[in-house]
Amino acid sequence: MAHKLVIVESPAKARTIGGYLGQGYVVESSIGHIRDLPQSAAEIPAKIKDKWWGRFGVDIDNGFEPYYVVPRDKKSHMSKLKTLLKDADELYLATDEDREGEAIAWHLLDELKPQGIPVKRMVFHEITKPAILAAAENPRELAMDLVEAQETRRILDRLYGYEVSPVLWKKVMSGLSAGRVQSVATRMVVDRERERMAFRVASYWDLEGTFDAGASKEPRMFPAKLHSIDGARVAGGSDFGPDGLLKAKKGERVHLDRAGAEGLVAALRDTAYDVRSVEAKPYRRSPYAPFRTTTLQQEASRKLGMSASVAMSVAQRLYENGFITYMRTDSTTLSDAAVGAARAQVRELYGAEYLPDAPRTYASKVKNAQEAHEAIRPAGDSFRTPAQTGLTGDQFRLYELIWMRTVASQMKDAVGQSVSVRIGGAAADGRDVVFGASGRVITFHGFLKAYVEGTEGGKRSDDDQVPLPDLHEGDAVSAASLAANGHETKPPARFTEATLIKELEDREIGRPSTYASIIGTILNRGYVYKKGTALVPAWLAFSVIRLLEEHFPRQVSYEFTAGMEDVLDEIAAGRKDRESELAEFYFGSDAVTGLKPLVDGLGDIDARELATFPIGGPDSGIQLRVGRYGPYLEGPDDEGTPFARRANVPDDLPPDELTLEKATELLANPAGEEIELGVHPESGLQVVAKNGRYGPYVTEVLPEDAKKNDRPRTGSLFKSMSLDTITLDDALKLLSLPRVVGVDPESGEEITAQNGRYGPYLKKGNDSRSLTSEDQLLTIGLDEALRIYAQPKQRGRAAAAAPLKELGEDPVSKQPIVVKAGRFGEYVTDGEYNATLRKDDSVEAITLERAAELLAERRAKGPAKKAAKKTAKKAPAKKTAKKTAKKTTAKKTTKAAAKKS
DNA sequence: CAGTGAGCGAGCTTCCGCTTGACTT
């Protein structure tokens, strides 16, 4: 039976639209993008693997032509779509009408290759029956310029991420990442912390009083704050800069200290006051726009305490079950049906007096908004109240929030009056002193009756009312009480998930579908960690951001994405082209330095210097260094040699709390967490257990008068031991290592047993043998040791690893294939070739077919053994080369340092 | 950052955006 095939992006949307279109249409979804650049080495097509640009999946030499692949988990879905297309007499590409949606439509076309049937592009911005029917009636052509713009974005992000990340692997730490969005997000967090570190606290005092307007007034008492003295404003928090100094010129502000404030209180003891001025202004507040992704995330955080990712997954469930419209949107527009539903609900719940005459519309505040969807609102042509939904828990609370916000957006303004009053009097010493009071009275609540936005950090909320008595100029008032209060200025607050997302959106960085995952990325990389709701940058982020700022300033500038968006708009409009824009970004032009020359010219970045941060100024002799195992401090030892003593920095110590005082304290007690186990019966020294760079170990505490070259004995805990359970007995055994097992009667050499980097082993001169268990270190006797030495040195691990699984015979080599565990993880081998299991494989799930496939791939790369022999010969040379390279870098560093000094 | 004797299957990390289940517990 022939039908028209309609493809949208989301399965939930496909269900709804299928209902609207009815007979004759089959509506399916693409489930997002269906193709992408190859994500990892395993996905890169064989024919481009050897090209220098192969790892990007983009033919940089040939117009930046992308190589797209259908990822493995999308293949079955694509064959499903192909099957549906076979019986279709028409294809409607109904993906979202934005840059990404247009690209998905084109990918579908390019991959499905429909033969001999009409293909139409169908677009709509709201999922209502009339809108869908109208869209089906009025299809358009694919906008290829828009697709070009999307490809430019995609390729630029790939070049950025895959070119800059490896720089970090080499210079900072393996596995790190950089990207157009995540690096700027990280930079924001780091910059905020830098501001906090540079912040100098200012302290200031003021006076607060309760004033009495007389028995006839209601309210009779009201609060007021000191405003000015002899015509000069009293300095408050906002008058101080981050340097702790007054921003205003002298004379314009009075800076009160404690003595000044308390003196003024005393001088005002008998003062009579009168009202100097009363200024009333109308207060009017319009409702907030309906939710889009970012505002929903912010309010879910402020009011419901949900993280961005939790809010999104709860919203996803609401969407899939038909309670709300799509939750990843940058639009605040409501469909006509939604406006009607909201207005009906206002009339019903609050009455006609809360309903404005005309529907309210909200223009998008987001500059690069693509508006493919509606605002986030309750679904349907009439809204269900939260109680009518039958929802519970988080879904209920989030639905209620969305429902209230949507209804409130169609209500009248809140109106009232705000009043500002000045009260003056003369102090005993003749100074003229003015207090100020401000109040707000809301006479008509309007939308505030339904919805009040949450606030950050104690700011005044929209519906706060502070009533003042009805005062008039010249009225006499008295002070019922006066108090001097001390205050300190506060550094700028750290970002939270919600405020960082807001900042990113304001700067046009990131998209609704990615805001929550951006936070996830910078948390996962260890750039940032959470302390309560605050995002705190790790020292690692300081290193990385410093490198990026110094060497990729354009790419990590806050304006980079906004500039890119402008270019993409030009491409979408057909005024610029992909190739020349990407060429400028990658190779550079007269105006900008390209990414490739930047990366190629990085030879002598001094990784050491990047990771070093002076504490308390350059002359303190104390610095923080970011090492492979986390941050640590270097400071002067007892003889004053700078940077000679080291101490760990606790993982959860925020950078702005690492002051010179704190660093000195940490250096004075570098021990960290020590567990005292008791006294060594022979040496009389205290034995302690602690965590070190190589894991938990025990050691002796040397007395204070120990010579400088005295080193305490140490020993790693066996794997069977733990810091929680270790006893003094265990520790004494560990400290007894290395243990002399005996003397080889043949050579006269001593055989010792000890623990090392590769586990327990025996040592006789330069000849070593691995042991199978750590306990053998304590128990092995001379006879057994000699027996071990009698055998030839084992290749590989001491015990030949038994195969984990036998799979059967390889179809090509006719050899049995087995799975083994190796140093680099599990692998399959037929005895000649070895192939490591990929990410998606597991020992349990692997089949003979898959193993044969892996081995075939491996074989295709050429003879491993010959290659291995070749490299074995080459290897020493390579090592030497590396060493020389290191030396050269070191020399360069010294030169650079010399130049500087 | 406690200190330490090999000889081996290398292979891969990473971007941003668009979407859901697939897993396991």
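Every chain is numbered from 1 and lettered A, B, ... according to where its sequence line falls, protein lines coming before strand lines.
To the nearest angstrom, C1' of B:dG17 lies 11 Å from CE of A:Met564. Note: CD1 (A:Ile34) to P (B:dT20) measures 16 Å, nearest angstrom. Computed from coordinates, the A:Leu735 CG to B:dA2 C1' distance equals 11 Å when rounded to whole Å. Distance NZ (A:Lys75) to P (B:dT20): 22 Å, rounded to an integer number of Å. For the pair A:Asp157 CG and B:dC18 P, the interatomic distance rounds to 11 Å; values are reported in whole Å.
Closest to the side chain of A:Thr714, from the set B:dG5, B:dA2, B:dC16, is B:dA2. Out of B:dT19, B:dC15, B:dC16, the shortest distance to the side chain of A:Tyr326 is found at B:dT19. Across B:dC15, B:dT19, B:dC18, the shortest atom-to-atom separation from the side chain of A:Ser177 is found for B:dC15. Checked against B:dT20, B:dC18, B:dG3, the side chain of A:Arg511 finds its nearest nucleotide in B:dC18. Listed candidates were B:dC15, B:dT19, B:dC1. Nearest to the side chain of A:Tyr632 is B:dC1. Side-chain proximity of A:Asn648 to B:dC1, B:dT20, B:dC16: nearest is B:dC1. Listed nucleotides B:dT14, B:dC18, B:dG5 differ in distance to A:Glu9; the shortest reach to its side chain belongs to B:dC18. Among the nucleotides B:dG21, B:dC18, B:dC15, the one closest to any side-chain atom of A:Glu320 is B:dG21. Each of B:dT20, B:dC16, B:dC12 was ranked by its minimum atom distance to the side chain of A:Asp36; first place goes to B:dC16. Set against B:dT19, B:dG17, B:dG5, the side chain of A:His33 has B:dG17 as its closest nucleotide.
A:Pro11 comes within 4.0 angstrom of the backbone, heavy atoms only, and of no base. Residue A:Phe56 is out of contact with every strand shown, counting any heavy-atom pair closer than 4.0 Å. Looking at heavy-atom distances under 4.0 Å, A:Glu163 makes no contact with the nucleic acid at all. Residue A:Glu634 is classed as having no contact, given no heavy-atom separation below 4.0 Å to the nucleic acid. Here A:Leu176 lies in heavy-atom contact (under 4.0 Å) with sugar-phosphate atoms only. Residue contacts for A:Tyr515: at a heavy-atom cut-off of 4.0 Å it reaches no nucleic acid atom on any strand shown. The residue A:Ala12 sits apart from the nucleic acid: no heavy atom pair falls under 4.0 Å. Backbone-only contact: A:Arg525 has heavy atoms under 4.0 Å from sugar-phosphate atoms and none from a base. A:Gly101 comes within contact range of no nucleotide atom at all, as no heavy-atom separation falls under 4.0 Å. Across all strands, A:Gly179 comes closer than 4.0 Å only to sugar-phosphate atoms, never to a base (heavy-atom distances).
Ring stacking is absent between A:Tyr160 and B:dC15, as the pair misses the limits of under 5.5 Å between centres and under 30 degrees between planes. Where stacking is scored as ring centres under 5.5 Å apart with planes under 30°, A:Trp169 registers as stacked on the base of B:dT13.
In this structure a side-chain-to-backbone donor-acceptor pair under 3.5 Å is missing from A:Asp830 to A:Pro816. The backbone N or O of A:Ile780 sits less than 3.5 Å from a side-chain atom of A:Arg739, completing a donor-acceptor pair. Within the 3.5 Å criterion, the main-chain N or O of A:Ala178 finds a donor-acceptor partner in the side chain of A:Ser165.
Partner of A:Phe64 under the side chain to side chain contact (heavy atoms under 4.5 Å, CB included) criterion, out of A:Thr152, A:Leu156, A:Val58: A:Val58 alone.
No hydrogens or angles were tested; on distance alone, a donor-acceptor pair under 3.5 Å links the side chain of A:Arg153 to the base of B:dC16. Under 3.5 Å, the side chain of A:Arg158 and the base of B:dC16 form no donor-acceptor pair of N or O atoms. Judged by distance alone, with hydrogens and angles left aside, A:Ser174 brings a side-chain donor or acceptor within reach of the base of B:dT13, the pair sitting under 3.5 Å. If you check distances only, the side chain of A:Arg646 never reaches the base of B:dC1 with a donor-acceptor pair under 3.5 Å.
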Check your understanding: Under the salt bridge (charged side-chain N to carboxylate O under 4.0 Å, His left out) criterion, do A:Arg35 and A:Asp110 qualify, and how do the steps go?
Key -> CA-CA 10 Å; A:Arg35 293 200 305 196; A:Asp110 200 50; 3.0 Å; yes

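Of the residues near DNA chain B, A:Gln150 and A:Asn755, the one whose nearest nucleotide (by heavy atom distance) lies more toward the 5' end is A:Asn755. For the pair A:Val828 and A:Leu159, nearest-nucleotide mapping onto DNA chain B gives the more 5' position to A:Val828.
Within the cation-pi definition used here (under 6.0 Å to the ring centroid, within 45° of the axis), A:Arg525 does not qualify as a partner of A:Tyr527.
For A:Thr612 and A:Arg625, the side-chain atoms include at least one donor-acceptor pair closer than 3.5 Å.
A glycosidic torsion no more than 90° from 0 defines the syn conformation, and B:dG9 adopts it.
Counting non-hydrogen atoms of other residues, nucleotides and ligands closer than 6.0 Å to CZ of A:Arg608 gives a total of 12 or fewer.
Within the structure, a side-chain polar atom (N or O) of A:Gln182 is placed less than 4.0 Å from OP1 or OP2 of B:dC16.
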